[in-house]
Amino acid sequence: MKTILLTILALGFAACGSSQNVPSDVLKSFESRYKKAENVTWSSDNGVFSALYKESELVKKSSYQKDGEWIETVTELLVDDLMTCITDYVDDEYMDASIFEAILMESPETKEYQISLEYLDMDREGDEDMDLEGNVVFTKLIFDTNCEFLSEE
């Protein structure tokens, strides 16, 4: 599923074009922040310019205002690369779930891990892990970079 999501993102960005329509302030800000970015593809939506790229084998998406002000960067993480304290917390507190997706969200105001959980037993209708139609319910957990649990959504 994660591979499908990344493929859809990549195709969407590839359809949007190269950096030729990106303001120079945005390009300058991006290039100074992410010197090792590879395979950069740009898109824009409502005045926000976003770059999808790889850096150190990780897929990232960084967004900027048209004046070059950095808004945020989202990094797709491998579950194996998460801090042990996060995976231990999930194992202890959500025994019937597994980590479906992990991202690092960075912005000028915050830096946090967002962990999406998928419940394992998908055949239990009426259970709290399922909606009324029997679809799997996902839970998002938020941790700070010191491994402190912040919230559940």
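Positions are given from 1, in the same order as the sequence printed here. Hydrogens, waters and symmetry mates are skipped; everything else that's a heavy atom, side chains included, is used.
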Task: Where S29 and G68 come nearest, the two heavy atoms and their spacing - done: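 Taking every non-hydrogen atom into account, OG-O, 2.9 Å.
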
Open item on the list: Filter on salt bridge (charged side-chain N to carboxylate O under 4.0 Å, His left out), then keep only pairs touching residues 36-49, sequence neighbours left out; what's left?
Closed with: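 Applying salt bridge (charged side-chain N to carboxylate O under 4.0 Å, His left out) to every pair that reaches into residues 36-49, excluding sequence neighbours, yields nothing.
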
TODO: Only counting residues at least two apart or in another chain, list the ones meeting side chain to side chain contact (heavy atoms under 4.5 Å, CB included) with T84.
DONE: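 Expected list: T87, D88.
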
Open item on the list: Does anything in residues 42-72 form a disulfide (SG to SG under 2.5 Å)? List the pairs, not counting sequence neighbours.
Closed with: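 Sorted result for residues 42-72: empty, none.
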
- [ ] Scan for disulfide (SG to SG under 2.5 Å) pairs involving residues 30-69, sequence neighbours excluded, and state none if there are none.
- [x]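 Non-adjacent pairs meeting disulfide (SG to SG under 2.5 Å): zero.
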
Task: Pair V59-L52, side chain to side chain contact (heavy atoms under 4.5 Å, CB included): steps then yes or no - done: CA-CA 7 Å; V59 175; L52 182 67; 3.9 Å; yes

A side-chain contact here means heavy atoms from C-beta on lying under 4.5 Å apart; do [X] and [Y] qualify?
X    : Y    : answer
F49  : P23  : yes
I115 : L82  : yes
Q114 : E101 : no
I142 : K140 : yes
L117 : V90  : yes
I71  : V48  : yes

Open item on the list: Would you call the rings of Y64 and W42 parallel, tilted or perpendicular, taking 30° and 60° as the class edges?
Closed with: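 Tilted, since the angle between the ring planes falls between 30° and 60°.
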
Using side chain to side chain donor-acceptor pair (under 3.5 Å) as the criterion, list what pairs up with [X], not counting sequence neighbours.
X    : answer
Y89  : none
T75  : none
Y113 : none
S107 : E109

Please round to the nearest 0.5 Å and tell me the distance separating atom [atom1] of [X] and atom [atom2] of [Y].
X    : Y    : atom1 : atom2 : answer
T139 : E118 : OG1   : CD    : 10.5 Å
D81  : E76  : CG    : CD    : 12.5 Å
F143 : I86  : CZ    : CD1   : 5.5 Å
L78  : L58  : CG    : CG    : 6.5 Å

Open item on the list: Checking E112 now: which residues fulfil salt bridge (Lys or Arg N to Asp or Glu O under 4.0 Å) with it, not counting sequence neighbours?
Closed with: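 Once residues adjacent in sequence are excluded, E112 has no partner under the salt bridge (Lys or Arg N to Asp or Glu O under 4.0 Å) criterion.
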
Task: salt bridge (Lys or Arg N to Asp or Glu O under 4.0 Å) against E57, all qualifying residues, sequence neighbours excluded - done: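 Per chain and number, E57 pairs via salt bridge (Lys or Arg N to Asp or Glu O under 4.0 Å) with K54.
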
Task: side chain to side chain donor-acceptor pair (under 3.5 Å) pairs, two or more places apart, involving residues 65-74 - done: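 Only Y34-T73, S62-T73, W70-T73 qualify under side chain to side chain donor-acceptor pair (under 3.5 Å).
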
Result block: side-chain N/O donor-acceptor pairs under 3.5 angstrom for residues 146-153, not counting sequence neighbours:
{"residue": "E152", "atom": "OE1", "partner": "Y94", "partner atom": "OH", "Å": "2.3"}

Open item on the list: I'd like to know whether S43 forms a side chain to side chain donor-acceptor pair (under 3.5 Å) with S50, so could you lay out the CA-CA distance, the side-chain angles of the two residues, the decisive distance to 0.1 Å, and finally the verdict.
Closed with: CA-CA 5 Å; S43 71; S50 298; 4.7 Å; no

TODO: Report yes or no: do V22 and V40 belong to one cluster of Ile/Leu/Val/Met/Phe/Trp/Tyr joined by side chain heavy-atom distances under 4.5 Å?
DONE: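 Yes; tracing contacts between hydrophobic side chains, which count when under 4.5 Å, links both residues.
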
TODO: Check M105, K60, E106 against V74 for a side chain to side chain contact (heavy atoms under 4.5 Å, CB included) and give me the one that passes.
DONE: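 Answer after filtering M105, K60, E106: M105.
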
